[in-house]
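Notes to accompany the following structure.
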2 protein chains.
Amino acid sequence: MEIEQLRYFKTVATMQHMTRAAEVLSISQPALSKSIANIEQHLGVPLFNREGRSIYLNRFGETFLQSVNVILDEYERVKEEFEDIVRPGSGEVSFGFIHTLGTEVVPELIAATRKRFPNMLFSLTQATSLSLMKRLEEGAIDLCLSQKIASKVIEIETEELFAEELFVVVPNTHPLAHLESITLEAIKGEPFIAIKKGNSLRQLVDEFFLKEGIKLNTTFAAEEMHTVAGFVSAGMGVSLIPNIKGLDNYNVKRLKVDPPCYRSIGVSWAKNRYLPPAATEFKQYLIEYLQDR
Amino acid sequence: MEIEQLRYFKTVATMQHMTRAAEVLSISQPALSKSIANIEQHLGVPLFNREGRSIYLNRFGETFLQSVNVILDEYERVKEEFEDIVRPGSGEVSFGFIHTLGTEVVPELIAATRKRFPNMLFSLTQATSLSLMKRLEEGAIDLCLSQKIASKVIEIETEELFAEELFVVVPNTHPLAHLESITLEAIKGEPFIAIKKGNSLRQLVDEFFLKEGIKLNTTFAAEEMHTVAGFVSAGMGVSLIPNIKGLDNYNVKRLKVDPPCYRSIGVSWAKNRYLPPAATEFKQYLIEYLQDR
DNA sequence: TCATTTTGATTCCTTTTAGTTATCAATGAT
DNA sequence: ATCATTGATAACTAAAAGGAATCAAAATGA
């Protein structure tokens with residue numbers, strides 16, 4: 001039995017008139033008569049009293065109408081929800097980003113996007129690059145702004161947008177604190193405050209030092225960048241991190257690295273996976289907006 | 001889109017396996033694949049992530065599953081309700097009867113029926129013959145036990161079952177109170193307490209006197225039989241009513257009429273109207289049980 | 001690593017059913 | 001009594017659901 005036929009039933013029930021209901025539904029009157037007869041046969045009980053040329057619900061029909069209302073309401077609702085998602089310019093975009101972008105880049109981006117697409121809704125997720133990648137694989141988010149990571153499960157496409165510079169941070173009181181810039185070589189042997197393994201930044205930092213052939217003297221591994229800054233501030237070592245928000249409030253000096261170290265940030269999405277039109281539009285807008293920031 | 005296909009979706013969603021779901025649903029795997037693809041096309045969004053040979057819900061699918069659960073639950077529920085109604089021996093019978101039968105006849109009848117058909121459910125209505133007839137016409141009740149009345153709207157069939165005898169009731173102190181039986185002629189000129197017009201018993205009583213060519217001296221018209229008894233008890237007149245429950249508690253004498261007056265009681269139902277199997281069974285049982293009571 | 005099995009999708013065909021037009025019988029209205 | 005209107009039916013067409021065979025990709029196992 002077609003779901004549409006439930007709507008037919010509802011229309012006949014409320015109009016109490018086959019011919020006019022058929023006109024409203026834009027089908028022929030015989031088709032409607034047969035549809036109703038089919039439903040009655042399916043259910044095994046008549047739904048209408050037919051007296052002469054008048055037709056109206058019997059007590060089974062009244063019961064069924066209650067159920068049909070529940071069913072159609074739910075069906076319409078979910079269909080409309082999907083139509084909203086598919087409608088370009090509106091609809092929900094599920095978007096994730098790494099913590100360092102949460103204070104400036106993303107708020108500005110979203111604000112600008114909402115001016116351009118006032119009806120676009122955002123479902124935002126903040127996480128590490130690695131877990132963002134997992135959310136992409138699951139289809140829980142449409143797009144994410146993070147450090148590029150390859151997935152073993154599905155194909156991920158990435159458009160690189162800008163680079164976050166990494167700085168060597170040392171305690172204010174450190175002998176190196178007066179320098180304008182510094183080589184990685186210069187902190188060889190210094191106690192190093194690292195990010196926990198598994199974080200993609202940790203991997204990147206490790207690669208920078210590996211390239212220079214420097215064996216790090218890692219003393220602590222922290223979960224968060226602010227924890228790292230705290231440890232450095234307390235004189236427990238030095239580190240290599242992006243310019244996080246509020247870094248100046250710590251007792252640390254931020255030194256440019258020579259040659260500079262960058263962490264490349266890009267927008268990623270699952271290849272061969274459905275992207276709602278709103279997400280596609282947002283992606284395009286985001287690329288223009290953040291390109292070479 | 002077929003309602004059945006929603007069940008297909010639910011099965012695939014929970015089994016996360018096309019082939020096995022198809023087996024469970026007793027359809028071919030290609031048919032199932034196509035059904036799912038159709039639903040996705042209808043809704044405009046994909047519902048599953050397909051990675052290699054594995055298939056599982058994406059976030060749209062999760063949303064849709066919620067709705068499908070609501071829809072299928074409601075549909076199953078109402079279908080089962082109708083199946084119960086159609087299942088012989090069980091199911092609900094909507095049954096009406098006039099007030100005078102509510103104290104003995106119907107309780108005994110229902111008790112006996114429930115012994116014979118333990119799963120039969122009753123929805124009982126007590127009303128006047130006239131309004132019972134209206135409920136029959138509307139299809140609000142399946143059967144009723146009442147005085148036979150013709151309907152102008154639809155064809156009503158009636159099987160006559162037994163006769164309620166009507167008695168002349170007079171105040172205890174009335175000169176006629178000592179008689180064993182009485183002719184209608186004998187109360188000619190007495191103040192008469194009638195039932196309100198519209199009540200079918202009133203119509204019957206009127207006919208009895210009309211046949212004898214007696215013009216009644218009606219002083220009051222009451223809604224209920226007990227009110228009539230009350231008026232008679234108060235010495236305000238005489239009347240002609242059935243032997244209602246508790247009549248002996250009034251200060252009245254019940255006199256047999258000569259020749260006797262009867263009110264014929266029968267079971268009525270709407271002709272050409274669907275009678276649930278349970279109602280049909282009940283009707284048959286009722287006829288046997290009450291025949292010539 | 002390569003052959004084998006398994007899985008979901010596709011193609012092509014059949015069957016079912018929804019829908020159309022023409023028509024009918026019954027019902028109301030004039 | 002006549003005539004328009006209504007819901008139902010019949011015969012036919014169109015659409016879509018379902019089945020068998022087959023395919024390509026992906027897991028499995030030697």
Inset, instruction - Pick base, sugar-phosphate or nothing for A:Phe48, based on heavy-atom distances below 4.0 Å to the nucleic acid. - result: nothing
Inset, instruction - Dump the intermediate steps for salt bridge (Lys or Arg N to Asp or Glu O under 4.0 Å) on A:Glu74 and A:Arg77, then the final yes or no. - result: CA-CA 5 Å; A:Glu74 185 64 28; A:Arg77 199 193 54 68; 2.9 Å; yes
Legend entry - Under 4.0 Å protein heavy-atom contacts per nucleotide of nucleotides 5-15 of chain C, with B for base, S for backbone only and - for none: -BSBBB-----
Inset, instruction - Round to the nearest Å and state the distance from A:Ile39 atom CD1 to C:dA18 atom P. - result: 9 Å
Legend entry - Nearest heavy atoms of A:Val12 and A:Ile36, plus distance in Å: CG2-CD1, 4.0 Å
Inset, instruction - Step through the shown structure and confirm whether more than 12 heavy atoms of other residues, nucleotides or ligands are within 6.0 Å of CD on B:Glu51. - result: yes
Legend entry - Salt bridge flag under 4.0 Å for residues B:Lys134 and B:Glu137: no
Inset, instruction - Only one of A:Tyr285, A:Phe282, A:Phe122 passes ring-ring contact (aromatic ring centres under 6.0 Å, His included) with A:Phe95; say which it is. - result: A:Phe282
Inset, instruction - Take the protein atom CG of A:Asn38 and the nucleotide atom C1' of C:dT16, then report the distance between them rounded to whole Å. - result: 12 Å
Legend entry - Boundaries of the chain A footprint along DNA chain D (any atom under 4.0 Å from a heavy atom): D:dT5 to D:dA17
Inset, instruction - Send over the distance from B:Met1 CE to C:dT17 C1', rounded to a whole Å. - result: 17 Å
Inset, instruction - Using whole Å, report how far CD1 of A:Ile3 lies from C1' of C:dA18. - result: 15 Å
Inset, instruction - Might you point out which heavy atoms bring A:Gly44 and B:Val86 nearest each other, and give the distance in Å? - result: O-CG2, 3.5 Å
Inset, instruction - Please tell me if the side chains of A:Trp269 and A:Glu159 come closer than 4.5 Å, counting only heavy atoms from C-beta onward. - result: yes
Inset, instruction - May I have the step-by-step check of salt bridge (Lys or Arg N to Asp or Glu O under 4.0 Å) for A:Lys148 and A:Glu157, ending in yes or no? - result: CA-CA 9 Å; A:Lys148 180 178 178 177; A:Glu157 290 193 310; over 6 Å; no
